[in-house]
> 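The structure under discussion is supplied below as structure tokens; questions concerning it will follow.
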Amino acid sequence: AGHAARNTVETNSAQVLDGAFTTPIYDGVPLISAAHPNRGNQGGTQSNLATGPLNDANLKSAIVLFRQQKDEAGKQIMQRPARLIVNQVQQFTAAAILQSALQSGTANNDTNTLPNLKLVDLLFTQNQTAWFLQAKRHQMQHYWRVPVEFLRRKEQTAKGSWVWDGYFRDSYAIEDWRGIVGSTGQ
């Protein structure tokens with residue numbers, strides 16, 4: 001019981017990432033964009049758009065981009081990425097990059113210097129090439145308006161089975177684009 005509710009929540013949550021490059025958020029640009037406007041006196045824009053497919057070099061460039069994020073006053077934000085989020089199709093590529101003892105994808109004997117990122121492979125995202133870095137304290141929120149609840153109908157079916165009805169309400173909000181960096185994987 002409850003599988004359909006969980007699938008609905010997972011599918012709706014994945015749609016936030018599927019629309020990350022195209023659906024405008026509160027600042028008028030998509031969640032992942034090269035042109036997030038600064039609201040303070042400093043003006044200008046900031047980027048959280050990484051480029052290229054998931055590999056060692058592109059992941060390191062994205063980490064540097066992530067660490068360059070500034071707040072509304074133009075001050076450096078002291079946070080690090082905690083998760084690498086990929087579609088399940090990329091789970092083995094991501095694991096090879098993160099878990100290799102040596103530098104992934106090269107003949108170098110250099111130590112793998114990537115930070116300890118938690119790998120999150122999603123089943124419900126439609127985009128199979130996009131990948132994301134996310135901080136522990138990100139501002140992508142899921143709210144339970146009404147938690148999942150089940151009610152059993154009073155009568156059984158003709159074959160003696162009970163029928164259960166489930167109900168829930170939830171919503172999603174992007175409160176700040178900082179704390180996430182993404183690439184379309186192209």
> Please test Y172 against S13 for side-chain contact (heavy atoms from CB on, under 4.5 Å), starting from the C-alpha separation and ending with a verdict.
CA-CA 7 Å; Y172 308 86; S13 296; 3.1 Å; yes
> Partners of Q90 by side chain to side chain donor-acceptor pair (under 3.5 Å), sequence neighbours excluded?
none
> Are a donor atom and an acceptor atom from the side chains of T125 and N87 found within less than 3.5 Å of each other?
yes
> Is any side-chain heavy atom of V86 less than 4.5 Å from a side-chain heavy atom of L122?
no
> Run the side chain to side chain donor-acceptor pair (under 3.5 Å) test against E175 and tell me which residues pass, sequence neighbours left out.
Y143
> On a heavy-atom basis, which atom in A34 and which in S47 lie closest, and how many Å separate them?
CA-OG, 3.4 Å
> Of the non-hydrogen atoms in A5 and V148, which two are nearest, and what is the gap between them?
CB-CG2, 4.3 Å
> Which value, rounded to the nearest 0.5 Å, describes the distance between Q139 atom CD and D176 atom CG?
6.0 Å
> Is F92 atom CZ crowded by more than 12 heavy atoms from other residues, nucleotides or ligands, each under 6.0 Å away?
no
> Filter on salt bridge (charged side-chain N to carboxylate O under 4.0 Å, His left out), then keep only pairs touching residues 125-145, sequence neighbours left out; what's left?
none
> Give, for atom CD1 of I97 and atom CG of L84, the distance between the pair rounded to the nearest 0.5 Å.
7.5 Å
> Just list the side-chain donor-acceptor pairs under 3.5 Å for residues 61-68, sequence neighbours left out, or say none.
from : atom 1 : to  : atom 2 : distance (Å)
S61  : OG     : A57 : O      : 3.2
R67  : NE     : Q79 : O      : 3.1

> Return the CD1 to CG distance between I174 and L31, rounded to the nearest 0.5 Å.
5.0 Å
> Taking side-chain hydrogen bond (donor to acceptor under 3.5 Å, both in side chains) as the cut-off, I'd like each qualifying pair that reaches into residues 148-164, sequence neighbours left out, listed once.
R153-D165
> Tell me every residue that passes ring pair (Phe, Tyr, Trp, His ring centres under 6.0 Å) with W144, counting only those two or more places apart in sequence or in another chain.
H142, F168
> What is the distance from atom OG1 of T184 to atom CD1 of I32, rounded to the nearest 0.5 Å?
10.5 Å
> Where the side chain of S33 meets the backbone of V29, is there a donor-acceptor pair that is under 3.5 Å apart?
no
> Is there a side-chain contact between V9 and D170 (heavy atoms, below 4.5 Å)?
yes
> Using every non-hydrogen atom in the two residues, find where N127 and A130 come nearest and quote the distance to one decimal.
OD1-N, 3.0 Å
> Please go through Y167's hydrophobic cluster and name the other residues, only I, L, V, M, F, W, Y counting, with side-chain heavy atoms under 4.5 Å joining them.
V146
> How close do N38 and G43 get, heavy atom to heavy atom, and via which atoms?
ND2-O, 2.8 Å
> Can you give me the closest heavy-atom contact between W131 and L54, atom names plus distance?
NE1-N, 3.3 Å
> Taking the hydrophobic residues Ile, Leu, Val, Met, Phe, Trp and Tyr, and joining any pair whose side-chain heavy atoms are under 4.5 Å apart, which ones share a cluster with I77?
none
> Any heavy-atom pair between the side chains of L59 and L133 that's under 4.5 Å?
yes
> Would you kindly confirm whether L17 and V89 end up in one hydrophobic cluster when ILVMFWY residues are joined by side chain heavy atoms under 4.5 Å apart?
no
> Enter the distance from L117:CG to Q134:CD here, rounded to the nearest 0.5 Å.
11.5 Å
> Of all residues at least two apart in sequence or in a different chain, which pass the ring pair (Phe, Tyr, Trp, His ring centres under 6.0 Å) check with F21?
F132
> Not counting sequence neighbours, list each pair that qualifies as a salt bridge (charged side-chain N to carboxylate O under 4.0 Å, His left out) and has a residue in residues 69-82.
E72-R178
> Is there side-chain contact between N58 and S183, with heavy atoms separated by less than 4.5 Å?
no
> Q186 versus T129: any side-chain heavy-atom pair under 4.5 Å?
yes
> Who passes ring pair (Phe, Tyr, Trp, His ring centres under 6.0 Å) against W177, sequence neighbours left out?
H36
> First locate atom OG1 of T11, then atom CG of L123, and finally report the distance between them rounded to the nearest 0.5 Å.
8.5 Å
> Following the transitive rule for hydrophobic clusters with a side-chain heavy-atom cut-off under 4.5 Å over Ile, Leu, Val, Met, Phe, Trp and Tyr, establish whether I85 and F124 coincide in one cluster.
no
> Under a plain distance cut-off of 3.5 Å, with no hydrogens placed, do Q69 and N48 share a side-chain donor-acceptor pair?
no
> According to the salt bridge (charged side-chain N to carboxylate O under 4.0 Å, His left out) rule, which pairs have a member within residues 25-34, sequence neighbours left out?
none
